[in-house]
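Worksheet: one structure, shown below.
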Amino acid sequence: MVRLSGEHSLETIQRFFSAGRQLKPRHATYGIIEHPDLGEGAFDDVVVTWFPAPNSATGEDVVEISLHGGAYLQQALLEVLSRQDQVRLAQPGEFTLRSFLNGKMDLSSAEAVAEAIHAQDAVAHRQSQIHLHGNLRNYIAQLKQDLLKIVSFIEAELDFSDQEIEFVSPKQHLAQIESLIARASSLLDTYFYGRRLVEGFRVPLIGAPNTGKSSIFNVLQGFDRAIVTEVAGTTRDTIEAPISVAGHTLILVDTAGVRESKDQIEVLGVDRTRQELERADIVLSIQSADIPPEAFTPPEGVPVIRVLNKSDLTNQGTNRSSPADVVISCLTGEGFDAFHQKLAEAVLGMRRKTTEGLIITSQRQAHTLRRFIESCEIAVSAIHTDAGPEYVASDLRNGLTILGEITGETTPDDILGEIFGSFCIGK
Ligand SMILES: Nc1nc2c(ncn2[C@@H]2O[C@H](COP(=O)(O)OP(=O)(O)O)[C@@H](O)[C@H]2O)c(=O)[nH]1
Ligand SMILES: [Mg+2]
């Protein structure tokens, strides 16, 4: 589909389209595209739908041309259309930007469009749909409304402070402000999981040379990607590949292992392994039945799955006693179902949502929420130190402005540029 948006959309398409009847708002009309620049005779038969402003996706006049599939038809039409007066190709994200500027969607929904475009798997996609349908906006709107109520009370006290009226002291707003902080924090807590929904969970394979890390990497991925040999130290660089587990994307990282080595390239590989360990979300600690176990300290707070490989060799093994969560063999395929199950448990164990099912995935939203919580915390300490209602009110006002940035009521232009720049053309 080729889409035109803006005030010259209708007159432009009328130069190309003949149907024997007028286009009717929001009705699909079958007809023919023809134009001298597209060669002699009919170019394609198409269906054109006209959405007059403001009842369209962008809030402007929109014309959608559904043509036959195929790169040539699409490219030729785009090229000729974009050479017309008052017509040019859209920038990435421009349709969504216009929709936002015309009040058709708030900023968190616009970001959800970006999330939907970038979603790599089922769970991330479902989350983008929850955001797109405004649930995040509603959550923030509720926070704003409750905060506004508190601010109004405190400011009313300021306005009438010279009169003999009894007002509640700012202390009595403490519990409400603290509950706002708790609600914002529970949303912020979902960011750790939310970011990984979008980027994938990093899962390095760590272990002594020849334990079968590269072999496991290949089996989990379903095809041979990493080089497997009997020579210890074959894997020098890290290689990564996405796999799907329980609807989540995991980025498997095959590493060089962590042994001390004299080979310079291998040493660099071992350094990389250490860096991977620092970024890890789940660590696969690999041992094998034929190789003595090597001690390694996993990073704190990161789930580790202890894998004992080469179960087919257990009888001749030297490593029968090492404790493992799963016992597998790349040779026979034994244990891989249980291994998948363990991986699924590990990612699902990291899932965080608010009670409304919300998860934030954007760094901008997380950063803004953090600033909001900070300004509420400043208000709380102002109350504790009897700083005076004018200070409390001003900190809370600040919080209101910050919340407005999440939905886009008060977002500076440079931030808008950054958000919409991450879209693809035609969205
Ligand atoms: N018998 C047996 N050999 C395996 C198994 N997995 C890997 N190997 C062999 O172990 C050697 C080292 O494997 P590789 O994946 O390169 O180990 P890495 O150094 O940890 O990456 C290769 O010869 C593999 O064929 C297994 O489950 N059983
Ligand atoms: Mg290897």
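Order of listing sets the numbers, starting from 1, for every ligand and every atom in it.
- Of the polar atoms of Gly212, at least one N or O is found under 3.5 Å from an N or O of ligand 1, judged by distance alone.
- Put simply, the side chain of Ser82 gets close to the backbone of Leu78: a donor and an acceptor are under 3.5 Å apart.
- Atoms of ligand 1 lying under 4.0 Å from any heavy atom of Ser329, numbered from 1 in the order shown and given with element: 27 (O).
- Of all the atoms in ligand 1, the ones that sit under 4.0 Å from a non-hydrogen atom of Lys213 are 15 (O), 17 (O), 18 (P), 19 (O), 20 (O), 21 (O).
- For ligand 1, the polar-atom distance check against Ile328 finds no nitrogen or oxygen pair separated by under 3.5 Å.
- Side-chain contact of Asn309 with Ser288: a donor-acceptor pair under 3.5 Å is absent, judged by distance alone.
- Between the Arg351 side chain and the Thr190 main chain, no donor and acceptor come within less than 3.5 Å of each other.
- No N or O atom of Ser311 sits closer than 3.5 Å to an N or O atom of ligand 1.
- Annotation for ligand 1: atoms under 4.0 Å from non-hydrogen atoms of Asn309 are 5 (C), 6 (N), 7 (C), 27 (O).
- With Ile286, Asp312, Thr211 as candidates, the residue nearest to atom 2 (C) of ligand 1 on a non-hydrogen basis is Asp312.
- Proximity to Leu313 (heavy-atom distance under 4.0 Å) selects the following atoms of ligand 1: 1 (N).
- Selection from Asn210, Leu331, Ile291, Thr255 by nearest heavy atom to atom 19 (O) of ligand 1 gives Asn210.
- Using a 3.5 Å distance cut-off with no hydrogens or angles, the side chains of Ser311 and Glu334 do pair a donor with an acceptor.
- Side-chain atoms of Asn102 and Pro54, non-hydrogen and from C-beta on, never get closer than 4.5 Å to each other.
- Ser214 lies close to the Mg ion (ligand 2), since one of its N, O or S atoms is found at a distance under 2.8 Å.
- When heavy-atom distances to ligand 1 are checked against a 4.0 Å cut-off, Ile216 has no atom that comes that close, whether in backbone or side chain.
- Put simply, the side chain of Gln84 gets close to the backbone of Val80: a donor and an acceptor are under 3.5 Å apart.
- Within a 6.0 Å radius of CD in Glu345, other residues, nucleotides and ligands contribute more than 12 heavy atoms.
- The pair Glu94-Arg88 meets the salt-bridge criterion, since a charged nitrogen lies less than 4.0 angstrom from a carboxylate oxygen.
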